[in-house]
Amino acid sequence: MHQRHRLGILTVAAEAKRVEFGYLRSTLELTAGNLSRHIAVLEQAGLVAVEKGYDGKRPRTWVSVTEPGRAALAVEMKALRALVERHVASEA
Amino acid sequence: MTDLLGDLAELRRRAREDRHAYPFPLLFFGIASFLAIPLYAPSNPVVRQVEWNPLSVLGAHTEVRHPLLLGLYWPVVLLVGALATAWWYHRRGARVGIETSTRGYLGALAIGLGSPLVSMGLIWLLPRTAIGFWGQGPATGIGAIVIAAATVLWRWRAPRVLTLTAAVLGTAVLQYAQSAIGQFIAIGLGLVVLAAVERSTRFTTITAAYLVALCLSAAFTPLTLTPATAWSLGSVVMLPGFALVVGGLVGLRRG
């Protein structure tokens with residue numbers, strides 16, 4: 001789960017009940033194809049759940065983070081912070 | 001690596017800002033507070049005294065002209081406000097593309113609406129026990145401490161039964177002690193949960209200001225002034241109502 005954009009998807013999704021595909025695309029500045037691939041990988045790993053529906057006649061895809069996804073994000077963030085702290089300590 | 005952490009923090013900040021929708025419940029309940037003032041018109045002289053009003057711990061008074069109407073007004077406002085807020089968050093989520101969960105908020109308001117039943121049980125039961133009537137001061141303190149404990153349990157993700165029991169008991173004791181502002185206690189409970197879910201410093205500050213206004217209102221409103229007027233009886237809703245409206249307008253202005 002080290003990929004920058006996948007971490008971004010999980011970070012945004014963890015902040016809300018669910019996030020729309022278009023919002024993720026514009027926030028992360030990704031193409032639809034790229035974002036789809038990242039979401040598919042995360043979904044396969046059980047880190048996000050994807051829900052497809054309609055808002056009126058408009059098809060919408062919603063992404064929500066799962067409990068394992070939330071836990072994986074917490075682990076990843078902790079590891080990243082530890083790395084930064086170690087890097088800062090080694091420079092000092 | 002530092003860049004990555006910075007980027008993620010920026011994403012988090014942006015997501016939180018985009019999903020904020022809190023001005024709606026603040027304005028809804030604030031306006032509803034001011035609309036309630038005519039219902040606080042006193043009955044001079046007292047024509048019809050209501051012996052037992054099951055809704056009296058939700059801001060009702062027995063000395064007003066239409067006690068049952070006032071008793072019904074607040075539960076309806078709380079119920080409609082809760083559902084309208086959930087709808088508003090859902091609609092905003094669909095429009096912006098990021099949706100906040102309102103499950104906890106609805107649960108908190110359900111506790112605020114359901115606790116009066118426990119309060120009425122306490123009012124009936126306590127005089128029949130060795131404890132007798134609880135003084136307003138000690139009961140307020142106990143209720144506030146139990147609610148604070150429920151909040152800590154909720155943040156610690158303690159077993160739901162434990163959190164729910166503490167929340168219901170704390171709210172019930174607080175509404176028992178402060179029945180004139182029972183409806184605002186229910187609103188406050190909902191706002192505290194919503195502020196925690198929204199993770200907004202501004203909304204948390206507004207909620208804290210509202211709670212201070214609520215305490216001041218409970219402590220200094222001239223409920224026993226004679227002769228009673230709509231203003232002396234209804235002034236209990238003015239300060240919390242004002243805090244809600246101002247908080248809503250500040251939220252609207254800041255986006």
Side-chain angles (χ1 to χ4, degrees), chain A residues 1-30 32 35 38 49 51 53-65 67 70-74 76-91, chain B residues 1-22 24-25 82 85-108 154-160 190 193-204 255:
Chain A
M1 222 239 336
H2 290 276
Q3 227 274 356
R4 190 185 188 95
H5 290 129
R6 289 177 201 163
L7 207 49
I9 293 168
L10 281 180
T11 301
V12 175
E15 282 301 318
K17 179 184 165 190
R18 55 184 194 161
V19 194
E20 213 260 319
F21 186 87
Y23 180 86
L24 281 173
R25 200 181 53 190
S26 64
T27 309
L28 299 167
E29 293 171 352
L30 287 169
L35 180 60
H38 288 310
E51 178 195 340
Y54 284 89
D55 182 24
K57 285 181 178 176
R58 242 175 96 198
R60 315 277 304 247
T61 302
W62 293 91
V63 178
S64 54
V65 73
E67 272 311 311
R70 216 173 273 280
L73 178 66
E76 197 72 21
M77 293 305 289
K78 200 176 165 187
L80 276 173
R81 285 193 191 106
L83 268 176
V84 170
E85 277 170 22
R86 224 175 301 157
H87 180 68
V88 171
S90 67
E91 276 192 342
Chain B
M1 208 64 75
T2 318
D3 282 356
L4 178 58
L5 278 175
D7 288 350
L8 293 175
E10 176 56 26
L11 277 177
R12 204 175 298 121
R13 189 200 61 75
R14 188 173 157 189
R16 284 178 188 176
E17 204 160 284
D18 287 343
R19 72 190 171 92
H20 288 330
Y22 62 83
F24 177 82
T85 301
W87 172 82
W88 172 259
Y89 270 81
H90 183 71
R91 280 312 304 160
R92 185 174 159 82
R95 192 161 52 85
V96 178
I98 182 162
E99 189 178 331
T100 305
S101 170
T102 49
R103 208 171 57 171
Y105 168 74
L106 289 175
W154 176 59
R155 295 306 289 170
W156 283 355
R157 293 171 183 248
R160 195 170 289 179
V193 171
L194 208 52
V197 173
E198 284 235 10
R199 294 180 191 170
S200 154
T201 312
R202 195 174 303 124
F203 185 26
T204 306

Original post:
Given that the side chain runs from C-beta out, which part of B/R103 has a heavy atom under 4.5 Å from chain A: side chain, backbone, both or neither?
Top reply: neither
For residues 81-90 of chain A, please give each side-chain donor-acceptor pair under 3.5 Å, one per line with the distance, not counting sequence neighbours.
from: A/H87; atom 1: NE2; to: A/E91; atom 2: OE2; distance (Å): 3.4
from: A/S90; atom 1: OG; to: A/R86; atom 2: O; distance (Å): 3.4
from: A/S90; atom 1: OG; to: A/H87; atom 2: O; distance (Å): 2.7

**OP:** Name the member of A/V19, A/L28, A/V63 that forms the most heavy-atom pairs with chain B at distances under 4.5 Å.
**Re:** A/V19
Subject >> Partner residues of A/A49 under the side chain to side chain contact (heavy atoms under 4.5 Å, CB included) criterion, sequence neighbours left out >> reply: A/S64, A/T66
Original post:
Side chain, backbone, both or neither: which part of B/R19 has a non-hydrogen atom closer than 4.5 Å to chain A?
Top reply: side chain
Original post:
Who among B/E198, B/R12, B/R199 has the most heavy-atom pairs with chain A under 4.5 Å?
Top reply: B/R12
Original post:
Under a 4.5 Å heavy-atom cutoff, which of B/D7, B/V197, B/T102 has the most pairs with chain A?
Top reply: B/D7
**OP:** Determine whether B/Y89 and B/Y22 make a side-chain contact, defined as any pair of heavy atoms from C-beta on separated by less than 4.5 Å.
**Re:** yes
**OP:** Decide salt bridge (charged side-chain N to carboxylate O under 4.0 Å, His left out) for B/R13 and B/E10; before the verdict, give the C-alpha distance in whole Å, the side-chain angles of both, and the deciding distance to 0.1 Å.
**Re:** CA-CA 5 Å; B/R13 189 200 61 75; B/E10 176 56 26; 2.7 Å; yes
**OP:** Please determine, among A/K17, A/E20, A/M77, the option with the most heavy-atom pairs under 4.5 Å with chain B.
**Re:** A/K17
**OP:** Look up atom NE2 in A/H38 and atom NE2 in A/H5, then write down how far apart they are to the nearest 0.5 Å.
**Re:** 6.0 Å
